[in-house]
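What follows is a set of notes on a single structure, which appears directly below.
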Amino acid sequence: MPPTEHVLVLALMLFCIGAVGVLVRRNIIFILLSLEFMMNACALVFVAAGAKWGQPDGQIMYMLILAIAASEVAVALGIVIQMARRFRTLDVDAASELRE
Amino acid sequence: MTILYLILFLLGAGLVACLAERLNVNAPRWISLLAFIAATIWTGAIWLGGVDPATGFYVVGELSWIPSLGINVILKVDGLSLVLVGLTTLLGIIAVVSSWSEISTNRGFFQFNILWVMAGVVGVFCAYDLFLFFFFWEVMLIPMYFLIAIWGHEDRSYAAMKFFLFTQVSGLLMLVAIIALVWLNYEATGVITFSYDELLNHEVSGTVASLLMLGFFIAFITKLPSVPVHTWLPDAHTQAPTAGSVILAGILLKTGGYGLIRFTVPLFEEASRDFAFVAMLLGVISILYGGYMAYSQSDFKRLVAYSSIAHMGFILVGVYAFNELGMQGAIVTMIAHGFSTAALFMMAGSLQERLHTREMSQMGGLWVKAPRMGAMTMFFVIASVGMPGLGNFIGEFLVLIGAFKVNVPLTVLATIGIVVAAVYGLSLMQRSFQGTPNPQVAAMEDFGFREISVYAIMIVALVWIGVYPQHVLDLAQPTLDALGVAL
Amino acid sequence: MLWLVPALPLLGSVVLLCTEGRLPKMVVAVVGSGSVGLAAICALYVGMNVVGTGEWQYTETLWTWMAVGDFNPSITLYLDGLALVMTGVITGVGFLIHLYATGYMWEEEGYSRFFAYMNLFVFAMLMLVLGDNLLTLFLGWEGVGLCSYLLIGFFHTDPANGYAARKAFVVTRVGDTLMALGLFLLFREIGTLEIQAALEGATATWPEGSGINTAICLLLLGGAVGKSAQVPLQTWLPDAMAGPTPVSALIHAATMVTAGVYLIARMQDMFLLPGPAMHWVAFVGLVTLFISAFTALVQTDIKRILAFSTMSQIGYMFLALGVGAWSAGIFHLMTHAFFKALLFLASGSVILALHHEQDIFKMGGLWNKLKIPFVSMLIGSLALAALPGTSGFFSKDAILLTAYNEASYGMLFWIGAVGAAFMTSLYTTRMILITFFGEVKTEPHDHSRINMWGPLLVLCALSIGGGWLGFMVLAPYMGDGGVAVEFHAELIALLTLGVPLLGVLIGYLIWGNHAISIDKFAASNLGERLRQFFFGGWGFDWTYDRVFVNPFVRLAQVNKSDFVDLMFTSIASLTTAIHLLVKQTQTGQLRWYATNMVVGLLVVVLIVIVQA
Amino acid sequence: MTLTDLWVSFPLIVLVGGTLVLMIGVSIVRTHKLALGLTLLTLILSVAAHDIALENITTGYELFGLLNVSGIQVFFNVLFLLGAIVTALFAYPYFNERMERCEEFYILLLTATAGAMVVAAATHFASFILGLEILSISLYAMIAYPRESHQPLEAAAKYLVLSAVASSAILMGVALVYAASGTMAFAELNISPESGERSYFLLGQALICVGIAFKLSLVPFHMWTPDVYQGAPAVVTGYVATVSKGAVIALLINYVQATEVLSYTGVFYAVVFVAVASMIVGNLLALLQTNLKRLLAYSSIAHLGYLLIAVLVVNTARPELVLETVLLYVAAYFIITLAAFGIVNLTSEHATEDNEQMEAYTGLFWRNPLLASVLTAVALALAGIPLTVGFIAKFYVFAAGVEGTAWALVWALLIGSAIGVFYYLRLIYTMVKQVEPGAAALPQVGTQSVVAVTVLGLLIVVLGVYPTPMIDMIRTIVQASGF
Amino acid sequence: MTPLILFYVAGFVTLASAILAITRTNASHALIYLVVALLAIAVIFFLLGSPFAAALQIVVYAGAIVVLFLFVVMMLNLGKSSVARERELLTRGIWTLPSLLALVLFAVVLFALVSGDHEAGAQARMIEPKEVGIALYTKYVLAVELAGVLLLAALVGAYHLGRRYLADRREEEESS
């Protein structure tokens, strides 16, 4: 079994990559995609931790994350569809009417 | 409970006045006037009722409020409170009459605010629970804010804001100090209470006491106001409508002096004594700086406003002289200044109403056109200059003679303030009513019966205090004795 | 009964003030002068009674003014010889001047206001002299200052008058402040402001003299100097001539300006305690006497000449007090009140006749056109110059002799005083000669009525006979055993007699028959400089303007908008600036927000890790 | 599962059951009124069910190790439900005119409230995260509910993305904490100082803090707040500002008490930093704001900073005072905020866009004194001036700060309040200004909303003057919950 | 040793495809990389002794969620223009700050991770699906219920946001 610390490092790298994606991309689809990486990084840690402690809780948390990710994506894509319709673009910078 | 009823009566009258505007536009001012007259009579009745020997107070009222925090409605009236309550109600009448024809919009709400300010002030003067005190302390701000912000002059928004911010922020310091005091008392005794009498028994000492004392002190000198936290006052006074200025100068400033005497000094006696020099110094600086700034002004109201700062400096000096003379002087100054300065603000209001300006460069030689106004102004200028035989003199003299016993150099400086007072006071007179009549000023209506009678009240009051101040002194004496700090 | 004396003028004043402008002038005149007249009668009556008892002291407590702890001054009236003399002068001369003023002011606006102020003044002055304690005295003291202010600025539409009035008030207030400090000190040390008690206390406490006693005396002297227009607070008096002439006569010649003399005389027990206080009084008097005599010599305005002469004469009184000639000082005060009032009123008549022309060089040849004023003026001048036989002679003589006998600086005082006496007769002669003789420059119109020349005549009589009156009647009852003049040295006596005569003679030679010409000297550079220096009152005004007034005014202009407020406005500006700055962060851009979140996350994580 | 379990979870069951009923009902008859009725019925029943729940708990009741229900939770739950009721009432007139389909909104409202209740009662990360997500997901949809307009969509997109980042942070934090300690139940979370995993335990806590700070819109995780407040429909904004925040606060106080996480200096200072920054920056941001919704957003940032003071002194002040403060503050904040957004809402009922610019309220005092009075009470309450419940709340915070000797925080509170007074007064001043001739008329307002707003306004004042009933109630609750 | 090597390989694949995914300009390509990354993570799950999680990862994540993405991408018909636009937007400069930030963050976190000495996972073991299932329906039964509510909320939300209303149709007709 891979050492937990190594998994954690991997997960954190993944998390950071996801974060970079969120910070850099302007296309909302890509942002959501990056968010999936971040979520997955969390999932990875949970599973690794569960394995480390020999508990099923880690995997259960993983399943919950699954549910969360699915719901988020569902609603998010709903919003994406509406945005594409109203703003005629997926560029989030285009949607910055709300500002000082 | 009488005093609570008095407060509720004023609050209720405010609501009625506000609503009555729908029936008749003139109804509010009559309601307000009658309410104040009734309140004055009421106060008089309390006075005549005499001290209840059992309690040592004229009136005592207690009511459970927030028992779980040791907060109760405790209202007591002793001599000092009574004098100030009397001043409040009397100036209420004067404020209403002075704004009789000035206010043309939203008269109901205007009277509402006046009555509510006064109710708050009465509460401040009678509260014997620190929480209640703070409550009233803040409550009186809001209607005052409205008075300035709605019916004020051109720069009212700025002035009202400044007024509110200064008082509010300094008030928060006091709130922290109050809570800390209560907390210390709780740690020592295990009882949470905001009761003034009980907290009085709790001796705080050391740095903590000094810090807490400062919390109160800053709040009170901001209200007083003293240099360097005085700058709200010229703006607020200048921009406020006449009634607002009258109330501000006449009563609201006095809450600061009252607070010093009632709270800061007795609660933190030791710390206050250590601090006395600084406080007196601030007072002296206020006297001189206020006078100097007053002379610099070209706006009638602003000049009077700065003169208020100078006068209030005497209160600070008197209170921190830590002797009977100084304290009594401070109290008499509060009362006398209430009348003299209120009158000058009313004069400014009358001039503004007639000339639509407060700039003295636009005035000059007005005596020729309105001799009665001139004579009245002369009288009150003279009073505020500190002419013996009029109230202000008694106060200032007592303060100085008391302070002299304590600190000679500061008293000498404060006494110089009297000369400065002459400089700006007479310059005010010269620039507005004397000198070559300004050709731009067309005919000006002189005072009528209504105005004269109001001024007459104040003249009588000032002469009375000046010639026989014993009524005020006797009323305040037991308070000072009870505080036990003035000796 | 005594309370009626001040109460009557007060009543008159209140009545006149409250009915301002609504009473007919005749009624106003009656009320205005009548109240003072009645007060004079009352004073006479009370005085007789007091003298009759032989006690020479009479106290009447009205009420306790205020009582705070051990500070409980009462409103008490106290009458003794000194007070009686003063009361007599105030009510008597005051009445005459009021009477004169009913005519003089007839044509002026604010007739009623004028008498209201005048009555108020009489009231205040009476409180000053009758007050049993220093606080009551101070009440009167400030009150007369106020009335002086009001009356100097009576013609208030002219800004110059207003300026003069304010100057008078403020300058005297400087003195008042010193006096107030003296009271504070006295109260702190002795514990009372009752005059008699304080004097007893002081003599009991400091029989050996003390710095504090000297300090109190000097502070009181400061008050006296201000009120009595002595160096260095003398600058207001000449300007005070802006007021109507009866005012100048009453306030700035006869009564108020002598309040300082009264104060020092009243507190003489303290001044007499060992210490330099007395010398200070004498020196102040001497310096003033000298300076103003020179100044009077070059003035062109008739009232200003009289004003400087008043200062000079009060200087004499101070000198008298300073050398211990209490009675002589008060005696001179009284006679001065007579002749100076006379001079002012007479000059007032002249001025009125010349349509408010006050420059003596625009007058001339009036002696046969304005006879009563001329005669009055002449008599007054004689008394002023202290020519033998006039009242001024007796009083001044007494002063000079006492000065000569003074132990330490006697000779100096005497020489100064005699020199000034010479100057006095010189400028008096100049004034008379230029005003009433020579060619006619302005045509006079005499409007005088009986109410104007009547008082003049009475004052003429007093100016001549007053000396005898004082000498014979009052002197025995004065505190220090009277004005018993002993002619110590014949030469001294002769000089004292002769110097005024010399002055008149030289004056005549210069301005009468022009035997001595001073034109050349006057035209020279030095002469012109000197003239200007003297004319400007030895540069006191000039100096004060530069040292006190101008800097203050300039300072006031600099800081009109209160630099303290900058502290708060800059806090406000700073807050606003920060607001505008942080507001910029709300760009509406999602990526920017996310970046900030990550930065925040980094900060939080760092804090946690570093602190862990 | 015991019967007691059932009774204790009854309010939640009622709520979720009601949601299902509503869904089925809506699928049969699509009537706005019916949806509203069912929603209100559900919410009221759920409130009533708390009575049953309360009977079955003494100091607190553990549900499956995931939720803990005590008096405090009941208090919060009732607050959420009342908030939801008010929101539903305001939503009806608001959406009725401008939306084609309004019924889904109520379903989302109910699920969101259920989520809030779960969050407030969570004693385990699993329930915490789930509750939070139920709440957030519902909110995304609620914010974007008027999907035809640009602003709500933009707001929802921003909220969604940023909230998802925050959720990820929380998840990562929880995962790390779990990896370090092997448990996810709050009560068991602990790590010995010597443990090698301590560093990433703390790292996890830091991440959780960041996530919570985001949900509470604390500086520097606040940036979404004004945009979302502004973009979302006023009804939803009110809901976001109250229920969603209230839930997280309940969780937070629960969390810090159960885990003593603030006894780790690093975490403590991190939270102090966040609190101070929120108080100062929040107020500074609001200073010259002219958009009322944005203003309230900034003000909420500051207010949550104030509230954090009470949380931060959890280890130095008496626990009952801390709890009292938090409960009272949240209750006060609910009333005030709902009233504020209620007014924005009801003046916007018949407008196409939300009536959110401050200019629109110029002269409100003369045009509609009642509404103006309520809005004045709101502004004063937010500023913490006596006569309003806001003062009582601020008083408590001061008391907690002083008792906990957290002087730096008290100073920050003072400075923040001072800045705050400025803009609240500006709002009041706008209302008392004279109306310029030719200014746009104020939109008509419906009566039932006015009644609701007036009741809230009265509550602000009455509880401000006589707070004893509320204080006593809260004290009883706190004491009953074992403090 | 083999599992460890496998782990590193899978880890490398994950990171590489993640980086590729977030740098793509074409959404469909990015999604494919996402799938690759998810599958690699599934491998790691398996290596961590969590076969159930690995299976779910493939079935639900890669199978369902990514497909949902793909549907939307296709529905929105993000064509060549969008790719070009993306390329335009993704300048080098835009990457610097976020990458730097992420690096710092990573460094800090890494420091935190390695600063303590870690006990070896004594209790580490494989967790059977059965065990997970039992825990799910005993201890976490409430969580399952709540997940249901969560999905319900998502369902309603997505329904409301995604569906076409009358107004939309009218609008579309007008524009076409």
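Here is how names work: the chains are called A, B, and so on, in the same order as the sequence lines, proteins then strands, and each is numbered from 1.
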With a 4.5 angstrom heavy-atom cut-off, is it the side chain or the backbone of [X] that approaches chain C, or both, or neither?
X	result
D/Phe422	neither
D/Tyr269	both
D/Ala169	side chain
D/Tyr298	side chain
D/Glu154	side chain

Without swapping roles, check the side chain of C/Thr136 against the backbone of C/Gly131 for a donor-acceptor pair under 3.5 Å. no
Please determine, among D/Val161, D/Val210, D/Leu287, D/Val274, the option with the most heavy-atom pairs under 4.5 Å with chain C. D/Leu287
Quick one: which of D/Leu218, D/Leu308, D/Val261 gives a side-chain contact (heavy atoms from CB on, under 4.5 Å) with D/Val271? D/Leu308
Please determine whether a side-chain nitrogen of the Lys or Arg among D/Glu356 and D/Arg294 lies less than 4.0 Å from a carboxylate oxygen of the Asp or Glu. no
Salt bridge check, C/Asp541 against C/Arg546: does any charged N sit closer than 4.0 Å to a carboxylate O? no
Of all of C/Thr575, C/Leu580, C/Leu581, C/Thr576, which one pairs up most often with chain D through heavy atoms under 4.5 Å apart? C/Thr575
Of the listed residues (C/Val582, C/Val598, C/Thr587), which shares the most heavy-atom pairs with chain D below a 4.5 Å separation? C/Val582
Quick one about [Y] and [X] (side-chain donor to acceptor, distance below 3.5 Å, no hydrogens or angles considered), yes or no?
X	Y	value
D/Lys245	D/Ser217	yes
D/Ser278	D/Tyr306	no
D/Glu133	D/Ser167	yes

What part of C/Thr585 gets within 4.5 angstrom of chain D, counting heavy atoms only: side chain, backbone, both, or neither? both
Using heavy-atom distances under 4.5 Å, tell me whether C/Val599 contacts chain D through its side chain, its backbone, both, or neither. neither
